[in-house]
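All of these numbers come straight from a predicted model, not from anything done at the bench. Order of listing sets the numbers, starting from 1, for every ligand and every atom in it. The analysis underlying the following values was restricted to heavy atoms, covering all of them including side chains, and did not include hydrogens, waters or symmetry mates.
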Amino acid sequence: MSTEASGWEVVIGLEVHVQLHTRAKVFASAPWGFGAEPNTQVDPVVLGLPGTLPVVNRAALEQSIRFGLAIGAEIPAMCAWDRKNYFYPDNPKNYQLTQKDYPVVVGGTVEVEMPGASRNVMGEHRVVRVHHAHLEEDVGKLSHAAGGSLVDYNRAGVPLLEIVTEPDLRSSVEAEAFLKALIAVITQAGVADCDMEKGQLRCDANVSLRRPGAPLGTRSETKNLNSISGVRAAIEFEVARQTRELEAGRAIVQETRGWNAEAGRGYVLRDKEDAHDYRYFPDPDIPSVTISRDTVERIRKDLPERPFERQRRYMDALGLPYTAASVLVADLALSRWFEAAVSAYPANPVGIANLVANDLLRELAASTEKDPLTGEVSAALSLKDCRIKPEALAALVRLTDEGGISKQQAKEVFAEMFKTGLEPAAIVDAKGLRQNSNSDELEAVVRAVIEDPAVAKSIAEYRAGNAKAINALKGPIMKRTGGKANPAMIDEILRKLLG
Ligand code: ADP
Ligand code: MG
């Protein structure tokens with residue numbers, strides 16, 4: 001990249017805003033959710049009407065703690081809220097409730113797999129430090145149309161966890177890898193859905209350049225990025241812009257910037273505001289909250305394994321190849337499905353993993369269903385629509401391992417299971433697929449084929465030391481058994497009889 005060529009090191013810190021998974025808003029009982037009619041998810045507290053008082057939503061606080069524990073952070077014994085004062089029509093009270101001095105989550109790390117993984121080689125794993133995360137309220141949404149501006153307060157008061165990283169990221173690609181890892185941790189812990197298309201995760205990117213080893217350079221902050229590709233593009237834009245500025249001998253101005261996704265360009269919003277511009281002060285309406293160690297431990301016990309911990313377990317304890325393990329751990333439901341199959345047949349986790357990570361996911365992705373009434377074609381199926389049960393998949397692998405059917409037949413049975421949801425044994429019987437593993441019967445067939453003068457030449461070659469010549473006999477044997485002979489047994493019997 002040009003920045004490396006010119007000797008600048010890129011430094012990035014992200015502020016990630018995540019809407020937490022709760023029914024009610026963070027300081028009010030009004031519900032929230034995507035797609036409702038404007039201004040239907042409000043109440044007097046959300047609107048900041050006189051005489052109302054905020055009350056902390058316990059669920060929002062517990063989700064924040066859950067996040068903290070999922071990244072190994074400290075949960076201080078006390079957290080409190082401050083008023084961040086500014087006038088803007090999306091902000092009904094003229095202040096936003098946030099946590100400036102006593103955030104709910106302090107420290108913690110997110111494990112990130114850096115780009116560079118190839119087929120069976122894990123990419124480098126690095127740890128990105130989180131400075132803190134604080135629980136605040138989201139603000140309303142303005143839309144500007146010809147003739148005036150409209151405001152929708154449905155989003156006002158939605159619980160928002162702001163996760164602030166240390167400046168540990170070194171490229172746009174690393175920032176993308178970090179966001180994906182962060183989203184996996186958050187969604188798998190059940191803290192939030194992080195659906196960026198619904199605005200549930202928004203990101204501010206702080207970017208600066210420096211000479212390697214030098215102190216941090218002056219940064220810009222690009223606000224409100226609402227897609228991963230947007231984060232990447234905005235960072236790349238800033239790196240290019242700052243490189244040009246510095247190369248031309250100009251200083252970087254610390255500023256807050258916006259991003260125009262359509263144009264692929266950043267623009268100046270305002271000079272960087274400082275904390276004192278907001279006249280922060282402790283909110284007098286919300287008493288500080290004491291977080292008991294019992295609460296913390298209860299939440300900790302309930303947390304699932306982190307994605308990369310599970311990946312290591314799959315590789316170390318179950319012997320899975322890197323690729324299959326990575327595919328499985330990306331989705332908690334898929335991991336649970338896989339593990340249910342493994343506990344039904346613990347002898348071959350690799351065989352099960354390959355079927356799940358390759359065949360099952362491919363079939364699900366390729367499946368659409370047509371509604372018989374409307375003729376509408378649905379999107380691809382998801383795991384919960386899958387007709388195959390984990391135990392049935394385990395039974396299929398067992399049947400193959402025990403020689404009941406060949407690997408080739410297993411593919412056919414799998415396809416049928418996917419379509420019908422029938423048990424593998426039922427399909428094998430119905431299709432007459434059961435592999436012949438009766439050694440007396442097979443031996444009789446092999447003897448008959450060996451007698452056939454047509455294969456005499458191959459037998460002579462085999463006996464003369466050409467091990468591959470034996471394969472020429474397998475076709476006629478398969479033919480005589482209608483393709484049902486157990487290939488491993490045929491091989492064994494042939495070697496025994498040919499000496
Ligand atoms: P503020 O609250 O004023 O925006 P913070 O010091 O809390 O500033 O930093 C906010 C974010 O900016 C953090 O993610 C931090 O890692 C990042 N950051 C701070 N300094 C730099 C820098 N020089 N270059 C890149 N990122 C930075
Ligand atoms: Mg900031």
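- Checking side-chain atoms of Lys25 against main-chain N and O of Pro159 turns up no donor-acceptor pair under 3.5 Å.
- Listed by number with element, the atoms of ligand 1 under 4.0 angstrom from any heavy atom of Gly217 are 23 (N).
- Residue Asn206 holds the heavy atom nearest to atom 11 (C) of ligand 1 of all those in Leu209, Thr165, Asn206, Leu216.
- A salt bridge is defined here as a Lys NZ or Arg NE, NH1 or NH2 lying under 4.0 Å from an Asp or Glu carboxylate O, and Arg257 with Glu221 fails to meet this definition.
- Counting heavy atoms closer than 4.0 Å to ligand 1, residue Leu14 contributes backbone atoms (N, CA, C, O) but none from C-beta onward.
- The salt bridge (charged side-chain N to carboxylate O under 4.0 Å, His left out) test applied to Arg313 returns Glu305, Glu339, not counting sequence neighbours.
- Every atom of ligand 1 is numbered from 1 in the order shown, and the set under 4.0 Å from a heavy atom of Val164 is 13 (C), 14 (O).
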Ignoring hydrogens and angles, write down the donor-acceptor pairs under 3.5 Å from the side chains of residues 28-35, residues two or more places apart or on other chains.
residue : atom : partner : partner atom : Å
Trp32   : NE1  : Thr22   : O            : 3.1
Trp32   : NE1  : Thr22   : OG1          : 3.1

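- Set against the non-hydrogen atoms of Glu166, the atoms of ligand 1 under 4.0 Å away are 16 (O).
- Of the candidates Gln254, Arg219, Glu238, Asn206 forms a side chain to side chain donor-acceptor pair (under 3.5 Å) with just one, namely Arg219.
- Among Gln254, Arg219, His131, Glu221, the residue whose heavy atom lies closest to atom 10 (C) of ligand 1 is Arg219.
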